[in-house]
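First comes the structure, then the notes that go with it.
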Amino acid sequence: MKELPKVYDPKSVEKKIYDMWVDNGCFKGVRDPEKKPFTIVMPPPNVTGQLHMGHAMDAALQDILIRFKRMQGYAALWLPGVDHAGIATQIKVEEELRKEGLTRYDLGREKFLERVWDWKQKYGDRIVEQQKQLGASCDWDRARFTMDEGCSKAVREVFVNLYEKGLIYKGSRIINWCPHCVTALSDAEVEYQDKPGHLWHLKYPVVGEDGRYVIVATSRPETMLGDSGVAVNPNDERYQDLIGKTCMLPIMNREIPIVADEYVDMEFGTGCVKMTPAHDPNDFEVGMRHNLEIIRVLDDNGKVNELGGKYQGLDRYEARKAIVNELDEMGLLEKIEEHAHNVGTCYRCHNDVEPIISAQWFVKMKPLAEEAIRVVKEGETKFVPERFTTTYLNWMENVRDWCISRQLWWGHQIPAWYCAECGHVTVSRDDATECEKCHSKNITRDEDVLDTWFSSALWPFETLGWPENTEDLDYFYPTDVLVTGYDIIFFWVARMIFSGCEQMKKTPFHTVLIHGLVRDGKGRKMSKSLGNGIDPLEMIDQFGSDALRFNLVTGNSPGNDMRFYTERCEAMRNFANKIWNASRFVMMNLSIDKCELPEKLEAEDKWIISKFNRVAQEVTENMEKYELGIAAQKVYDFIWDAYCDWYIELTKTRLQGDDDESKIGAQKVLCWVLTETLKLLHPFMPFLTEEIWQALPHEGDFLITSAWPVYNPEYDFAQEEAEMECIMSAISAVRTIRSEKNVPPSKKPHLYVETDKVEAFESGIPFLKKLAYASEVTVSAATPENAGEMVAAITTDAKLYMPLAELLDVAKEIERINKELKKAQTDYDRINGKLSNEGFLAKAPEQVVAAEREKAAKLNALIENLTQSIKNLEAIG
RNA sequence: GGACGAUUAGCUCAGCUGGUAGAGCAUUCGCUUGACGUGCGAAGGGUCACAGGUUCGAGUCCUGUAUCGUCCACCA
C-alpha cells in the first residue's frame, strides 16, 4: 500500500488533483438526454482586480452545490464568467493613466478602450487562476465575458426589443449625477450617508410689498442660482395672500412666481420652499405642475455654468460659500441651523451625488415589474432564506424607471443614432448607416454606454447562447440556483428576474441562495482603505483550499454575515489532517484490494454503518435545503467523533488479532465507511478527499464523478446501534474512573466483576469483549469473597476494582433511554394523531402522507428497540 | 418614518418542525514508541438581553421593551 506522508500537505496535492480533473473533463457540462440538467451561472466577478474573501465564499457555496448535484447524477453545469464592470474598471484604468500624466481624453475613445481591453486580459486571467485555486469546478471552456461577441449581441437585441415595445425611452429627468465620475447613476448606485450639515434660511423679497420677504430653507444654497419659483402649501393660512404673487430672486435678480402645491410640508422649516426644478427631483415634479422654468446651473463637473452669472466656473462648494457670504452681506441670510443631512454619494468614488436634470435613457419598469413580482409571489423563484423575499418585493413594487445610460466609454455603446437632418432617432440591431426615416447619411451615434448591470441582467441566458436558439439554451435554461450576496439583490437579482421573464418567458432560476458578507474579526467590512482585508490566497497558502472552504461554509447560518477568523481556518486544517491520518491508518492496515462490506458484521460494524447511513441521509436532506453549514457540521462530527474517536479505536485489537475473519471484516468496514464518507465530504473538501480516494481501493476513476451515497434501509441497525451506545457509555465510564484514580495509561486496569453478572453480560450484550477490544481493561470474574471490596479500590499495580453498576451506571443509562423512549412516543403519538385527522388525509399531498406513515413506522420500530434495551439493562441492574 | 436581522460559555457563532443548552478557539488538569501533539482523555465556565403570554413543558411560538447592526424611503 502506498506510503502517505505523516502530515497532509495541501500544496503538493491541490494543483495535481485540479489538473487531473481538468484533463479528464470532469467539470464539463454535457447535455445528456438521460440525465436532468442542473445549472448554476456564476455571478461574474468584476475585472477590476483580484478576488476577495466574499468571492471565495460565493465560489465555495456554488462549488459545493454543483459537486453535490454532479455526484447525484445530474448533468451539472457551472458556467463561469467575468463582468466588464463599467465605471469600476474605467476608473481603475484612468487611475493608471493618471500616473502617466494622461487622461482618457488625451488618448481618445479608441485608444483608451484598447487600454481597458489590455487590463481586462491581465486581470481576467488572474481571477480565473484564483478561482481554480479555490477548487471551483467550472466548465472553463464555456467561460464568458459580459462584453464578448455573444453578450454584446444579446445586449443589442434586448435594447432594441424593449425600445420597440416602448419599454425603453429617452427623456429628461432628474438623475443622480456623479461630478467626479462624470456620469449618470441609477438609483441603486447611490449610497446615502448621514452627514452633519446646515440649513440656510434665505430671504427673498416679495415683489410689490416693500420690506416683506418669503423665507426659504435650503441645504444646498448654491442651487438658488437656478431657482424659478417658491412654493407654499395651498392650505397654509400664513401665506394665502402670497399665492400668485412673485418674489425677487436675489443675486440673479430674477422675478419668480410663488405657487401653491400640496407637496410642501407646512410643519417643516418656514413652510416656504424654493423651487429648483433642474436640481431636485421633487422640485422638478412641482415645476412640471406649475410650468416653472428649468434652469440648470451646474455643469457635468459640478461647477457653476454660464447660467450662474458671476459665479460661473466656481466649484459647487466654493459657490456655496460665496453665495452665502453675499446673501449675508445683503442682509438676506435669516439664520443658519445645524441640520443632519442624508447625502447621496456615488457607490464607486463616494463623492456627493448631484441631482441634475439630464437627457438619459430609461427602462420603463412598471410593466416589467409585474411579472417579476408574480413569479416570486407564486414561488416560481424562491429566496433562501425566505426573508429576502420581502426585501425583493418591496423594492420591485416601488421600483422607479431605471436610468441605463452612462457617460462612459467602457461598456456597451447605446445602439441609437441621431439624424442631423430630421432629428429622428434610429435604434437598430445592426450598426446604422443612415437615418431610417429620411435616409440621410448624416447621423451620429449616441456616445453613451449602458449601465454595466444591463448586460449582467441577461447573464443566465446570454451565456447559454441567447439570442441564438442553441441546444444549450434549450437544455440548461432555466438555471437552477443563483448564489449571491444580499448586497446585490437590487442591482442584479431583481434585474435578472424581470429580464428572464421578459425575454425568455421563464424566470431564470427557481432558487436564489443569499449569503451574507465576510467581515473581519471586529465585524467590519473588509476593504482596501481600512487595510483589513484577508486575502483568500494567503489562507490557501497557509492552510489549504479545503480548510478555507470548510471555514467559509460552517459556523454561520444562511443570509447572515460572518466574521472571518484565521484560527478557524487553522481548526479546519487540523480537521483535514485528522482525516488524512485516519486514512493513513486504514491504508496501513489494509490487505484487501476491493472495497466492500463483509458478510459477517460485528456489533461495532453495524453501529458505524448504521450511523453512517443516517448521517448520509441527514447530509443529503440538509444539502437539499441549502443548509450547507449544517450538512458540513454533520460530516465533521461523524468523521471525528464516530469514525476516528470510536470506531477506529474499537477495531484496533481486531486488526492486530489472530482472528482472520474478524480482521478482514474490520478492514472491509473501515475501508467502506471511509470511502463512503469521503463522498459526503467531497463537495466541501474536494482536494483532500479525491487524493485519499485515489489511494484507496476504488471502482471508477474519480471521486468527483462517483455516486452520492443514498440511504439504504438494509444498513439500518437500530437495535445494534442502541446497544453499542450502551457499551460506549460504559467505556467512557471506565475512562473517567481511571482518570480520577490516576491509573497510568500504560497500565491496563484489571476489572473484576461479580461472577454471576459476567454471564448476564455476555449473554445480553457483548459488553466485556468490547471493553477489551478498546484496550481499556482486562476483565475477569471476582470471587464472591472479595466482591464486597470491589468498590473503587485500586492497587499499586493498577488493578481497578469497581462495581458493575457504577461502571455501566445502569440507572443513568435506563433514565437516558427512557427519555429517548418518551420522546419517540410523543412524536409517534403526534404523527398518529395527524394520520387519523381526516382533514390532513384529505388535504395533504400524497407524498407527505406517505412520509408521515414512514416516520410513524420508524418510530414504532425505535420504540420497540428501546423498550428491549431497557429490559436488558434492568436484567443487569 | 418603514422593514429586516442580531442579542446563547471569556471570544466567534450553531441550535430544524417547543422536550433537562452545543461547537471551534481560549483557560486548567492529565496523557508521547506505531494513524494523527495539526493528537488523546477530562475539567471549569451560560437565570439563552428584559418583561409578560400560550403550554404539562419555551433558547425555540406570540406580544411588548431595550441595545446594536443592515437595508429602503425621505422635508426643502
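Small disclaimer: the values here were computed from a predicted structure and weren't measured. Heavy-atom basis, side chains included; hydrogens, waters and symmetry copies ignored. Within every chain, numbering begins at 1; the chains are lettered A, B, ... in the order of the sequence lines, protein sequences first and strands thereafter.
Distance A:Phe383 CZ to B:rC71 C1': 14 Å, rounded to the nearest Å. Atom C1' of nucleotide B:rA76 and atom CG of A:Asp283 are separated by 7 Å, given to the nearest angstrom. Rounded to whole Å, atom P of B:rU70 lies 16 Å from atom CD1 of A:Ile489. Look at CZ on A:Phe388: it is 17 Å from P on B:rA3, rounded to the nearest Å. Regarding A:Asp487, its CG atom lies at a distance of 19 Å from the P atom of B:rG69, rounded to whole Å. The interatomic distance linking A:Lys6 (NZ) with B:rG39 (C1') rounds to 11 Å, in whole Å. Rounded to an integer number of Å, the gap from CD of A:Glu621 to C1' of B:rC16 is 10 Å. Taking atom CG on A:Asp645 and atom C1' on B:rA35, their separation rounds to 12 Å, with Å as the unit.
Every residue meeting the side chain to side chain donor-acceptor pair (under 3.5 Å) condition with A:Asp227, not counting sequence neighbours, appears here in chain and number order: A:Tyr204, A:Lys274, A:Thr276. Contacts of A:Arg568 classified as salt bridge (Lys or Arg N to Asp or Glu O under 4.0 Å), with partners at least two apart in sequence or in another chain: none. By the side chain to side chain donor-acceptor pair (under 3.5 Å) test, A:Tyr643 pairs with no residue at all, sequence neighbours left out. Under the rule for a side chain to side chain donor-acceptor pair (under 3.5 Å), A:Glu334 has no partner lying at least two apart in sequence or in another chain. Checked against side chain to side chain donor-acceptor pair (under 3.5 Å), A:His339 has no partners two or more places apart in sequence or in another chain. Residues passing the salt bridge (Lys or Arg N to Asp or Glu O under 4.0 Å) test with A:Lys195 are A:Asp352, sequence neighbours excluded. Considering only residues two or more places apart in sequence or on other chains, A:Glu567 meets the side chain to side chain contact (heavy atoms under 4.5 Å, CB included) condition with A:Tyr565.
Using a 4.0 Å cut-off on heavy atoms, the residues of residues 213-232 of chain A that approach RNA chain B are A:Ala217, A:Thr218, A:Ser219, listed by number.
A:His339 comes within 4.0 angstrom of the backbone, heavy atoms only, and of no base. At a threshold of 4.0 angstrom between heavy atoms, the contacts of A:Ala582 include nucleobase atoms, whether or not backbone atoms are also involved. Note on A:Cys272: nothing from the nucleic acid sits closer than 4.0 angstrom, heavy atoms only. Nucleic acid contact for A:Phe490: sugar-phosphate only, since backbone atoms but no base atoms lie under 4.0 Å from a heavy atom of the residue.
Checked by distance alone, A:Glu627 brings no side-chain donor or acceptor within 3.5 Å of a matching partner on the base of B:rA14.
Sequence neighbours left out, not one pair with a member in residues 570-580 of chain A passes side chain to side chain donor-acceptor pair (under 3.5 Å).
Counted within 6.0 Å of CD on A:Gln193, heavy atoms from surrounding residues, nucleotides or ligands total more than 12; the atom is thus considered enclosed. Annotation: A:Arg400, atom CZ; neighbour count of heavy atoms from other residues, nucleotides and ligands within 6.0 Å does not exceed 12.
With P as the reference atom, B:rG5 and B:rU17 are 14 Å apart, rounded to whole Å. B:rA21 and B:rG15 have their C1' atoms separated by 9 Å, with the value rounded to a whole Å. For the C1' atoms, the distance linking B:rG45 with B:rC11 amounts to 13 Å, nearest Å. Atom C1' of B:rA43 sits at a distance of 14 Å from the matching atom of B:rA26, rounded to the whole Å. Nucleotides B:rC13 and B:rU20 are separated by 23 Å at their C1' atoms, to the nearest Å. Nucleotides B:rG10 and B:rA3 have their P atoms positioned 35 Å apart, rounded to a whole Å. Nucleotides B:rA23 and B:rG41 have their P atoms positioned 13 Å apart, rounded to a whole Å. The separation of B:rG18 from B:rA9, taken at their P atoms, amounts to 24 Å, rounded to a whole angstrom.
Taken to the nearest 0.5 Å, the CZ atom of A:Phe490 stands 10.5 Å off from the CZ atom of A:Arg495.
Using modelled atom types and a 3.5 Å distance limit, the side chains of A:Gln667 and A:Ser591 yield a donor-acceptor pair. In summary, the side chains of A:Tyr347 and A:Glu189 do present a donor paired with an acceptor at a separation below 3.5 Å, with no hydrogens or angles considered.
Toward the 5′ end of RNA chain B lies the nearest nucleotide of A:Pro558, the other residue of the pair A:Pro558 and A:Asn589 mapping further downstream. Nearest-nucleotide assignment on RNA chain B puts the 5′-proximal partner with A:Glu567, out of A:Glu567 and A:Glu570.
Ion pairing between A:Lys377 and A:Glu397 holds under the 4.0 Å rule for side-chain N and carboxylate O.
Residues A:Met57 and A:Phe564 fail the side-chain proximity criterion, which asks for heavy atoms closer than 4.5 Å.
At least one side-chain nitrogen or oxygen of A:Trp640 sits closer than 4.0 Å to the OP1 or OP2 atom of B:rC40. The side chain of A:Lys578 contributes no N or O atom lying less than 4.0 Å from OP1 or OP2 of B:rC36. Phosphate proximity of B:rA76 to A:His201: absent, as no side-chain N or O sits under 4.0 Å from OP1 or OP2.
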Tabulate atom names and distances for all N/O pairs under 3.5 angstrom spanning the protein and nucleotides 10-13 of chain B.
| from | atom 1 | to | atom 2 | distance (Å) |
| --- | --- | --- | --- | --- |
| B:rC13 | OP1 | A:Arg563 | NE | 2.9 |
| B:rC13 | O2' | A:Gly555 | O | 2.4 |

Please list, for nucleotides 4-6 of chain B, all pairs of protein and nucleotide N/O atoms separated by less than 3.5 Å.
none

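The side chain of A:Asn581 sits closest to B:rA35 out of B:rG41, B:rA35, B:rC16. Distances were taken from every side-chain heavy atom of A:Ala571 (C-beta onward) to each of B:rA35, B:rA76, B:rC25; the shortest belongs to B:rC25.
For RNA chain B, if you chain together Watson-Crick or G-U pairs that step i with j, i+1 with j-1 and so on, the runs of at least three with distances under 3.5 Å are B:1-7 with B:66-72, B:10-13 with B:22-25, B:27-31 with B:39-43, B:49-53 with B:61-65.
The residue from A:Ile608, A:Leu590, A:Val586, A:Thr675 that alone fulfils the side-chain contact (heavy atoms from CB on, under 4.5 Å) condition with A:Leu670 is A:Val586.
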